[in-house]
Amino acid sequence: MASSSSPEEQCGAEVSDNYETTCWGCGLRVMLPSCASIFKCGWCGAITDHNKKKRDEKCLGWRVLRDRCFLSVVLVFMFFVIFGGVWAVHPVVFSVSLLWGIFHSIVTTILSIATISFFSLAAFRCAGTPPNILWGSYPTVGKDDLENYTFCHYCLKPKSPRAHHCRSCGKCILDMDHHCPFIGNCVGAANHYSFMCFLISAVLSTIYVSIMSAYASLHIWPPSSYSLGSLKGITGRDLAWRVLNEIFIAFLRSALFLSSRGLLLVYLFIASVSLQIGLSVLLWQQLSFIYQGKTFLSNLSSQADNDEEEKKDCQNIVRFFGLQHSVSRFLSNFRVTRKRHDT
């Protein structure tokens with residue numbers, strides 16, 4: 001038969017199971033149950049996780065070297081496409097018309113400068129670090145000053161809810177979207193705009209390169225010779241297949257007589273179309289995340305709640321690109337002029 005215990009004995013048993021710990025945010029001592037490894041301070045709002053352990057970062061140097069190699073390859077390829085395209089395409093364009101050549105020279109210069117500039121800003125600019133705040137002692141930390149902050153065991157300082165530690169960069173990044181090895185940098189609050197502008201300019205540049213390389217190839221492609229005399233007596237589907245096969249073989253045969261400029265144009269067309277597809281998919285993915293008010297990491301997080309679903313709006317894209325003030329000012333001016341015309 002189980003014996004009943006008094007309320008005083010039960011209270012003593014509960015106290016004996018508690019342990020005393022210190023909040024890293026404000027330094028106040030708190031009593032917690034022995035089973036509570038994660039707790040939130042009632043004063044400053046900081047979150048402490050005793051189960052979270054620091055991982056080994058011995059591969060940080062290799063990650064930095066990998067990013068620098070990717071960055072160098074991308075830069076070399078971009079300059080190769082720019083100068084190789086100018087060498088291969090513009091003599092053909094100027095041979096058509098002087099104005100036509102000047103027009104395409106201006107377009108090439110604008111796209112090249114925009115792509116290189118936005119790429120440099122995204123790659124060499126700091127992705128954004130959390131602000132430095134006071135922490136560690138009760139007199140300096142006010143009520144809810146560290147609300148939902150966690151402690152980064154790598155940087156040894158508070159980490160805001162909007163920050164994420166990047167093991168490749170070795171620091172916390174504010175509003176981190178992802179780490180891109182091709183720019184050798186994270187995409188965060190400080191360079192996300194530059195990264196999106198780079199994607200837009202890169203997609204436009206690849207479209208332009210593919211069109212102009214195809215246009216120039218048609219002007220310098222060697223003439224093809226067809227032998228359709230052997231197709232007599234063939235009808236139906238076999239005839240169509242034999243014609244396509246003969247045209248394809250004649251096309252390859254004529255490609256053997258291409259000059260170095262023609263071979264470069266073929267390579268530029270294939271490379272630009274391939275990059276155009278990949279960059280377009282990445283641009284669409286990034287725009288969809290901005291439309292949803294998320295980042296790539298927050299989209300992967302399992303902590304997404306129903307409130308984030310209600311933030312889907314085109315205004316997110318307008319605010320991201322800084323067009324909200326311009327659009328509102330344009331609409332206000334339009335309304336004023338319309339009222340003047342109405343009066």
Side-chain angles (χ1 to χ4, degrees), residues 68-120 123 181-183 197-232 234 238-283:
R68 294 294 177 264
C69 292
F70 274 117
L71 178 63
S72 302
V73 170
V74 172
L75 282 174
V76 170
F77 177 77
M78 291 173 63
F79 283 109
F80 171 76
V81 171
I82 292 173
F83 292 108
V86 170
W87 176 76
V89 174
H90 282 259
V92 179
V93 175
F94 274 97
S95 65
V96 176
S97 173
L98 178 61
L99 294 177
W100 188 244
I102 294 175
F103 171 76
H104 284 286
S105 299
I106 295 174
V107 174
T108 302
T109 303
I110 294 175
L111 291 177
S112 301
I113 293 176
T115 304
I116 295 295
S117 300
F118 287 125
F119 178 83
S120 301
F182 294 100
I183 65 174
C197 291
F198 162 69
L199 289 180
I200 295 173
S201 62
V203 170
L204 294 177
S205 299
T206 52
I207 293 174
Y208 173 77
V209 171
S210 60
I211 293 175
M212 294 308 300
S213 58
Y215 174 80
S217 298
L218 293 177
H219 281 75
I220 66 173
W221 198 272
S224 302
S225 58
Y226 305 97
S227 58
L228 301 179
S230 60
L231 300 179
K232 295 181 180 180
I234 303 176
D238 294 337
L239 178 61
W241 173 255
R242 292 288 297 273
V243 170
L244 293 176
N245 189 29
E246 186 66 26
I247 293 175
F248 180 73
I249 293 175
F251 179 80
L252 293 179
R253 192 183 298 115
S254 61
L256 297 176
F257 300 96
L258 275 174
S259 62
S260 57
R261 180 175 283 111
L263 293 175
L264 180 59
L265 289 173
V266 174
Y267 171 77
L268 290 177
F269 177 79
I270 297 174
S272 60
V273 171
S274 303
L275 287 175
Q276 179 183 335
I277 296 173
L279 292 174
S280 299
V281 172
L282 180 59
L283 177 60

Closest approach of Leu279 to Thr206 (non-hydrogen atoms, all atoms of both residues) = CD1-CG2, 4.5 Å
So Val209 and Val89, side-chain contact (heavy atoms from CB on, under 4.5 Å) or not? Walk me through it.
-> CA-CA 9 Å; Val209 171; Val89 174; over 6 Å; no
Could you go through the side-chain contact (heavy atoms from CB on, under 4.5 Å) check for Phe80 and Tyr267 one step at a time?
-> CA-CA 12 Å; Phe80 171 76; Tyr267 171 77; 3.6 Å; yes
Between CZ of Phe198 and OG of Ser205, what distance do you get to the nearest 0.5 Å?
-> 9.0 Å
What distance separates Ser72 OG from Arg68 CZ, expressed to the nearest 0.5 Å?
-> 8.5 Å
Any chance you could lay out the side-chain contact (heavy atoms from CB on, under 4.5 Å) test for Leu265 and Met212, step after step, and finish with the verdict?
-> CA-CA 9 Å; Leu265 289 173; Met212 294 308 300; over 6 Å; no
Between atom CG of Leu204 and atom CG of Leu199, what is the distance when rounded to the nearest 0.5 Å?
-> 11.0 Å
Minimum side-chain heavy-atom gap Trp87-Ser260 below 4.5 Å | yes
Nearest heavy atoms of Gly262 and Ile220, plus distance in Å | CA-CD1, 3.7 Å
For residues Ser272 and Leu268, determine if any side-chain heavy atom of one lies less than 4.5 Å from a side-chain heavy atom of the other.
-> no
Kindly compute the distance separating OG (Ser217) from CZ (Arg261), expressed to the nearest 0.5 Å.
-> 11.5 Å
Side-chain heavy-atom pair Val93, Phe103 within 4.5 angstrom cut-off | no
Do Leu275 and Val81 have side-chain heavy atoms sitting under 4.5 Å apart?
-> no
So how far is it from His104 NE2 to Leu111 CG, rounded to the nearest 0.5 Å?
-> 11.5 Å
In terms of heavy-atom contacts, Val86 and Pro91 come closest through O-CD, 3.5 Å
With a 4.5 Å heavy-atom cut-off, do Leu71 and Phe119 have their side chains touching?
-> yes
Would you say the side-chain atoms of Tyr208 and Thr108 include a donor-acceptor pair closer than 3.5 Å?
-> yes
Inter-residue atom distance Phe70.CZ - Leu75.CG, 0.5 Å rounding = 13.5 Å
N/O donor-acceptor pair under 3.5 Å between Ser213 side chain and Ser210 backbone | yes
Heavy atoms of Ala271 and Phe77 approach each other most closely as CB-CZ, 4.3 Å
Would you say Thr115's side chain and Ser112's backbone share a donor-acceptor pair under 3.5 angstrom?
-> no
